[in-house]
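Below is one structure; the comments refer to it alone.
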Amino acid sequence: MGDKEKLVHIYRTMLAEYGCQGWWPVISNKTLLCEYHAGAPRNKEEQFEICLGAILTQNTAWSNVQKALINLKRIGALSPEKILSLKKEKLLSAIRPCGYFNQKAKKLLEFSRFYISLSGRTPSRQELLSVWGIGKETADSMLLYACGMPIFVVDAYTRRIFSRLGLVKEKEEYENIRKFFEKNLRKDAKLCQEFHALIVEHAKRHCTKKPKCQGCPLSKFCKRN
DNA sequence: AACCAGGACGTGA
DNA sequence: TCACGTCATGGT
């Protein structure tokens, strides 16, 4: 079986096991509950919220990010203008639950300034990467989930799972792993969105740091067996 | 009670 | 380039 067939097979297996994840999660406008929308076109508010979440979730559990986003929503700060106008103390206390709050406050401010400068235009990957605090994974998450571009997001989970499966090297460069997936998958944003979400789910349920191989749906593909 | 979570940046070699 | 150190809260 070639890489292309393997990836599709792995994707279908995870989808059958975990179901459609419908990423990216956004806060509902009506309530403060977190609702999971399908990867349909987003309005501007949701797009911006997705970008904030992409920054806040850097090396951080999503449950903590959710608290920070809900705090920002409560004080009406889910827009770039409001974030820029907030007093520093307000911003810091709002995002405190998600950790690294000093760095992340600076990142949110830098990104808000950048976002306004776009005046509605979709940024290039290179432009995003030029913003302080936005690295490759964060940029790709924004492009995929906020802008709907067919880009494969590579994170620590992707590395862990697919190196254990024997399809990539553990320390392979980010760009090379991204190209491996993009070369072997349909150029389809919905597919990239769902695939990445399923990778996160699989990493949490089975392919944890200390792997829980009991009942792992991907064991038939895994070189550990 | 250590360990980990959907990284990025700065530094010294 | 590469290997580390730093940043920080909350759940298990």
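Quick note: numbers below take in every heavy atom, side chains included, and nothing from hydrogens, waters or symmetry partners. By convention in this document, chain letters (A, B, ...) are assigned in the order of the sequence lines, proteins followed by strands, and residues within each chain are numbered from 1. The structure presented is a predicted model; accordingly, all values stated were derived computationally and were not measured.
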Next on the checklist: Whole angstroms only, please: what is the CD-P distance between A:Gln58 and C:dA8?
Outcome noted: 12 Å
Next on the checklist: What is the distance, to the nearest angstrom, from the CG atom on A:Leu128 to the C1' atom on B:dA8?
Outcome noted: 14 Å
Checklist outcome for this item: Separation of C:dG5 atom C1' from A:Gln103 atom CD, nearest Å, is 12 Å
Item to check | Salt bridge present between A:Glu110 and A:Arg113 (N-O < 4.0 angstrom) | outcome: yes
Checklist entry - Which of residues 86-98 of chain A sit near DNA chain C, with a heavy atom under 4.0 Å from it? => result A:Arg96, A:Pro97
Next on the checklist: Assess whether a salt bridge exists between A:Glu175 and A:Arg125, defined as any Lys/Arg side-chain N lying under 4.0 Å from an Asp/Glu carboxylate O.
Outcome noted: yes
Checklist entry - How close or far is atom P of C:dG10 from atom CG of A:Asn71, stated in whole angstroms? => result 10 Å
Next on the checklist: So A:Tyr100, base contact, sugar-phosphate only, or nothing? Heavy-atom distance under 4.0 Å.
Outcome noted: base
Item to check | Gap between atoms NZ and P, on A:Lys107 and B:dC9 respectively (whole Å) | outcome: 6 Å
Checklist outcome for this item: ring pair (Phe, Tyr, Trp, His ring centres under 6.0 Å) test vs A:His196 passes for just one of A:Phe152, A:Tyr11, A:Trp23, namely A:Trp23
Checklist entry - What is the distance, rounded to the nearest whole Å, between atom CZ of A:Arg159 and atom P of B:dG7? => result 11 Å
Checklist entry - For A:Glu182, which of A:Arg186, A:Arg178, A:Lys179 qualifies under salt bridge (Lys or Arg N to Asp or Glu O under 4.0 Å)? => result A:Arg178
Item to check | Stepwise side-chain contact (heavy atoms from CB on, under 4.5 Å) check, A:Asp155 with A:Val200 | outcome: CA-CA 9 Å; A:Asp155 61 357; A:Val200 173; 3.9 Å; yes
Checklist entry - Between B:dA5 and A:Asn64, is there an OP1 or OP2 to side-chain N/O distance shorter than 4.0 Å? => result no
Next on the checklist: Contact list please: residues 130-139 of chain A against DNA chain B, heavy atoms, distance less than 4.0 Å, in numerical order.
Outcome noted: A:Val131, A:Trp132, A:Gly133, A:Ile134, A:Gly135, A:Lys136, A:Glu137, A:Thr138
Checklist entry - Applying the side-chain contact (heavy atoms from CB on, under 4.5 Å) test to A:Lys67, which of A:Leu69, A:Asn64, A:Val65 qualifies? => result A:Asn64
Checklist entry - Does the side chain of A:Lys104 come under 3.5 Å of the side chain of A:Thr60 through a donor N or O and an acceptor N or O? => result yes
Next on the checklist: What residues from residues 202-216 of chain A pass a heavy-atom cutoff of under 4.0 Å to DNA chain B?
Outcome noted: A:Lys204, A:Lys209
Item to check | Sugar-phosphate, base or nothing in reach of A:Arg160, heavy atoms under 4.0 Å | outcome: sugar-phosphate
Checklist entry - Under 4.0 Å between a side-chain N or O of A:Lys67 and OP1 or OP2 of C:dG11? => result yes
Checklist entry - Given A:Leu91 and A:Leu72, is the side-chain contact (heavy atoms from CB on, under 4.5 Å) satisfied, shown in steps? => result CA-CA 8 Å; A:Leu91 182 55; A:Leu72 289 172; 4.2 Å; yes
Checklist outcome for this item: CG (A:Leu144) and NZ (A:Lys190) are apart, to the nearest 0.5 Å, by 11.0 Å
Next on the checklist: Any base atoms under 4.0 Å from A:Ala197, or only sugar-phosphate, or nothing? Heavy atoms, all strands.
Outcome noted: nothing
Checklist entry - Distance between the P atoms of C:dG5 and B:dC4, in whole angstroms? => result 16 Å
Checklist entry - If you round to the nearest 0.5 Å, how far is CD1 of A:Ile177 from OG of A:Ser163? => result 8.0 Å
Checklist entry - For the pair made of CG in A:Asn102 and C1' in C:dA8, what is the distance, rounded to whole Å? => result 9 Å
Item to check | Residue mapping more 5' on DNA chain B - nearest nucleotide basis, A:Lys106 or A:Thr60 | outcome: A:Thr60
Next on the checklist: Reading DNA chain C from 5' onward, which residue's closest nucleotide shows up sooner: A:Lys171 or A:Gly99?
Outcome noted: A:Lys171
Checklist entry - Would A:Phe180 and A:Phe162 satisfy ring-ring contact (aromatic ring centres under 6.0 Å, His included), going step by step from the backbone distance to the final call? => result CA-CA 11 Å; A:Phe180 170 75; A:Phe162 287 88; 7.8 Å; no
Item to check | Distance-minimising heavy-atom pair for A:Ala77 and A:Leu86 | outcome: CB-CD1, 3.7 Å
Item to check | Interatomic distance, A:Asp155 CG vs B:dC4 P [rounded to whole Å] | outcome: 17 Å
